[in-house]
Amino acid sequence: MLHPQARALLDLMIAKGIPPTHTLSPADARSFYRDRRNVTQPAPPPVAEVRDLSAPGAAGGIPLRLVRPVGGAGLSLPGRPKGEDRSAQHEGGLMGTLPGLVYFHGGGWVIGDLDTHDTLCRELANLSGCVVVAVDYRMGPEHRFPAAVDDSIAATRWVRANAASLGIDAKRIAVGGDSAGGNLAAVVSIAERDAASSDSPPLRFQLLIYPATDMRRVAPSHASLGEGYMLTRDTMSYFHDHYIDDTNHDLDWRASPLLHQDLSRLPDAFVLTAGFDPLRDEGLQYSQALTLAGNRATHICFERQIHGFITMGRVIDEANTAVALCAAELRRALAA
């Protein structure tokens, strides 16, 4: 059964006449998604440091946001107070290192940004003790597949190469994301495995929150849950078609990591799904494929929840439980 709080949210959206995402232009959909966070998300918790950065990418700088958890600030640079600092010119100077999480936001490769997931990244940082680096990758329709993949890989490699100056332990880095971001985290994990060298420690963990893993959208839950639960069949087609301009790309593992022929030797994974989410079954399928390939993969389904719920902690209590669970898995996996 659908959680009453999730039901109440869906009913409120109907009562308020909230337009479905697929009826909006990408620009309007982005604005609406950004504004909605004020209604559904908890207030952003204080952290030790927030720093906006940029990583080099194929099409120019890739915006990043580093969040350092409370209790993990170390020593500030001379003349700088401890606490939040959004200066891109902040040059490090923090004593000690912490585990790191490179995070890719959700939004169907079309909407979402550093602000829409700022609260979630702060929560994950504080609860896990990790430095979180969020990635503002290029999106469709302006930048089609594989632009988001290329940016995500480039950003991850930049974080790993610059881990010491960022106060991150290069041997304890994870990737993670929700929905489209979960897709990108899975793809980055495969790409980094294939590019591994003796002087580059492997990624330690992948946090996959209701990930999209098969662009063909053929899992049973797409048919059974494609209407009535916020993420609809039409909205999924809208996201797909703004990101993928050639259906042959659906078979490319960089779009559909479930279809990669070799899923062995990948980082440990925690896969979280929602019971009333069209992506539910492909998340479960990916968990199973990882396990069958010899990896350690844990799958948990929040049976009463809808897609996107983890950022809705102001109105859905189980979102806060899910965030705490993800953070606990990160802390365990990245322990020294």
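- A distance-only check finds a donor-acceptor pair linking the side chain of Arg193 to the backbone of Ser264 [under 3.5 Å].
- Between Ala43 and Arg314 the shortest heavy-atom distance is N-NH2, 3.7 Å.
- The one candidate from His299, Gln305, Glu303 that meets the side-chain contact (heavy atoms from CB on, under 4.5 Å) condition with Thr273 is His299.
- Distance alone, capped at 3.5 Å, places no donor-acceptor pair between the Ser179 side chain and the Gly181 backbone.
- Gln206 contributes no side-chain N or O that, together with a main-chain N or O of Ala269, makes up a donor-acceptor pair within less than 3.5 Å.
- With Arg122 contributing its side chain and Pro44 its backbone, the two residues share no donor-acceptor pair below 3.5 Å.
- Listed here is the closest heavy atom pair of Thr156 and Val102: OG1-CG1, 3.8 Å.
- Put simply, the side chain of Arg65 never gets that close to the backbone of Val135: no donor and acceptor are under 3.5 Å apart.
- In this structure, the ring pair (Phe, Tyr, Trp, His ring centres under 6.0 Å) partners of His242, at least two apart in sequence or on a different chain, are Tyr238.
- Between the CG atom of Asp136 and the OG atom of Ser54 there is a distance of 10.5 Å, given to the nearest 0.5 Å.
- Counting only distance, with no hydrogens or angles, the side chain of Ser152 and the backbone of Ala148 share a donor-acceptor pair below 3.5 Å.
- Asp28 places no side-chain N or O within donor-acceptor distance of the main-chain N or O of Leu24, the cut-off being under 3.5 Å.
- Atom OH of Tyr210 sits about 12.0 Å away from atom SG of Cys301, to the nearest 0.5 Å.
- In this structure, a donor-acceptor pair under 3.5 Å is absent between the side chains of Glu227 and Thr232.
- Atoms NZ and CD1, on Lys16 and Ile14 in that order, are 13.5 Å from each other to the nearest 0.5 Å.
- For the pair Ser128 (side chain) and Ala327 (backbone), a donor-acceptor distance under 3.5 Å is absent.
- Looking only at distances, a side-chain donor or acceptor of Ser287 sits under 3.5 Å from a matching main-chain atom of Gly283.
- With 3.5 Å as the limit, one finds no donor-acceptor pair spanning the side chains of Tyr286 and Asp214.
- Connection of Leu203 to Leu266 is established within a shared hydrophobic cluster, with ILVMFWY side chains joined at heavy-atom distances below 4.5 Å, either directly or through further cluster members.
- Taking the six-membered ring for Trp, His105 and Tyr137 have ring centres closer than 6.0 Å.
- Counting non-hydrogen atoms of neighbouring residues, nucleotides and ligands closer than 6.0 angstrom, the CZ atom of Arg296 reaches no more than 12 such neighbours.
- The line from CG of Leu114 to OH of Tyr103 is 12.5 Å long, rounded to the nearest 0.5 Å.
- Checked against the 6.0 Å centroid threshold, Phe309 and Phe302 count as a close aromatic pair.
- Looking at Arg30 and Asp113, no side-chain N of the basic residue comes within less than 4.0 Å of a carboxylate O on the acidic one, giving no salt bridge.
- Evaluation of the salt bridge (Lys or Arg N to Asp or Glu O under 4.0 Å) test over residues 240-252, restricted to residues two or more places apart or in two chains, returns Asp252-Arg254.
- Side-chain contact between Pro99 and Val131 is absent, with no heavy-atom pair separated by less than 4.5 Å.
- Of the N and O atoms on the side chains of Asp178 and His117, at least one donor lies less than 3.5 Å from an acceptor on the other residue.
- Counting heavy atoms from C-beta outward, Thr40 and Thr311 have side chains that stay 4.5 Å or more apart.
- Checking side-chain atoms of Asn295 against main-chain N and O of Leu263 turns up a donor-acceptor pair under 3.5 Å.
- Distance CG/Leu66 to CD1/Ile168: 5.5 Å, rounded to 0.5 Å.
- Note that CZ of Phe104 is 11.5 Å distant from CG of Leu207, once rounded to the nearest 0.5 Å.
- None of Met230, Glu282, His307 except one satisfies the side-chain contact (heavy atoms from CB on, under 4.5 Å) rule with Asp277; the exception is His307.
- Under a 4.0 Å N-O distance rule, the pair Glu192/Arg157 qualifies as a salt bridge.
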